[in-house]
Amino acid sequence: MKHLLKLMDLSSTEITEILNLADQLKYEKKNGIEHHLLKGKTLGMIFEKSSTRTRVSFEVGMYDLGGSALFLSSKELQIGRGEPVSDTARVLSRYLDGIMIRTFAQAEVEALAEYGTIPVINGLTDYCHPCQVLADLMTIREHKGSIQGNKLCYIGDGNNMTNSLIVGGIKMGMEVSIACPEGYLPDEKLMKWAAENGTFTWTTDVLEAAKDADVLYTDVWASMGQEAEAEERKKIFKGYQINDNVMAVAHPDAMVLHCLPAHREEEITAKVFEAHANEIFDEAENRLHAQKAVLVKCLA
Ligand code: CP
Ligand code: NVA
């Protein structure tokens, strides 16, 4: 695997291989088995948006693998003052073994990969969040025993998470239903692709989408970069919430996932969040293991 730019670039076999390696690395870490598979390698981590999980899990992941990581804030890089991505890519390729980037435009991540000569890993763009969904799939498999055949229901804004969940879910044989308001849908091409390649439905009816779901998923109503729309979005998304009514129509053993950070009483009630905190924090932990697998696949 050269890069991880978006999940659409991976086959279901490649996704399964990443998840298998992630399980192995998790087992080894829990049992104190050293795995210095990236000894002496350095990852540069460019952040143009905030992060808790992505930053810490990549940094700790590189350390666990015997390498090191550099935190590069766009505020301090010349990229923040207008140096072209094409030049940044060629310069960083001379120093580093890989780049993880969190930014706005997907095109910037693709350009970094095009002009650079080292692997590029997408740590979230406005378009997608592939690392998160690999951790989500890992968590679903851990809790449910398998991925295929489960119904995944996403409720809320049709954003970067929705795009990656649709691709990851369909590629791994899940039924995917989404409840999103009109005008706030995920990528149109991805919705069409999902309908042609699996079982995919969109509705504005939250309860209809959640019916018999095995996995319920939600994300913030206003993503990073949409802060100015937050108040307006609170009105638009009212009701697009995982709460007791939604849990009542889902499968009795349904699990609840959230990429975090969560806004209680907006996209999810505090009650449902706490009842499923074990799953949600396993999911957050699995960012570390899944990304270590991605790092090994790309950098080793
Ligand atoms: N879920 C996620 O990507 O979290 P951070 O924004 O904290 O990295
Ligand atoms: N949709 C959210 C995901 C955060 C992990 C955002 O882009 O802010």
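Being a predicted model, the structure only gives us computed values, none of them experimental. All ligand and atom numbering here is 1-based and tracks the order in the structure.
- For atom 6 (O) of ligand 1, the nearest non-hydrogen atom from the set M224, E283, R102, R287 belongs to R102.
- Each of the following atoms of ligand 2 lies closer than 4.0 Å to a heavy atom of L124: 3 (C), 4 (C), 5 (C), 7 (O).
- Close contacts between ligand 2 and N160 involve ligand atoms 1 (N), 2 (C), 6 (C), 7 (O) [criterion: under 4.0 Å to a heavy atom].
- Those atoms of ligand 2 that come under 4.0 Å of a heavy atom in D219, given as number and element, are 1 (N), 2 (C), 3 (C).
- In this structure, W221 and F237 have parallel ring planes: the angle between them is below the 30° cut-off, well short of the 60° mark.
- For atom 3 (O) of ligand 1, the nearest non-hydrogen atom from the set R53, H129, K49 belongs to H129.
- In this structure, the protein non-hydrogen atom closest to atom 8 (O) of ligand 2 is M224 N, 2.8 Å.
- Between R55 and ligand 1, a contact under 3.5 Å exists for no N or O pair.
- Close contacts between ligand 1 and T52 involve ligand atoms 5 (P), 7 (O), 8 (O) [criterion: under 4.0 Å to a heavy atom].
- Salt-bridge check for D187 with K192: failed, with every basic side-chain N at 4.0 Å or more from each acidic carboxylate O.
- Note: no N/O pair closer than 3.5 Å links P261 and ligand 1 by distance alone.
- Checked for salt-bridge contact, D212 and K151 miss the test: no charged N lies under 4.0 Å from a carboxylate O.
- When only interatomic distances are considered, the shortest N/O to N/O separation between S223 and ligand 2 falls below 3.5 Å.
- Using a cut-off of 4.0 Å between Lys/Arg side-chain N and Asp/Glu carboxylate O, K6 and E110 are scored as salt-bridged.
- Listed by number with element, the atoms of ligand 2 under 4.0 angstrom from any heavy atom of L260 are 5 (C).
- Under 4.0 Å is where a charged nitrogen must lie from a carboxylate oxygen, and between D23 and K26 no such pair does.
- With a 6.0 Å cutoff to the six-membered ring centre and a 45° limit on the axis angle, R55 counts as a cation-pi contact of F71.
- Checking side-chain atoms of T218 against main-chain N and O of I155 turns up a donor-acceptor pair under 3.5 Å.
- In this structure, N150 contributes its side chain and I147 its backbone to a donor-acceptor pair below 3.5 Å.
- Of all atoms in ligand 1, listed by their number and element, those nearer than 4.0 Å to a heavy atom of L260 are 1 (N), 2 (C), 4 (O).
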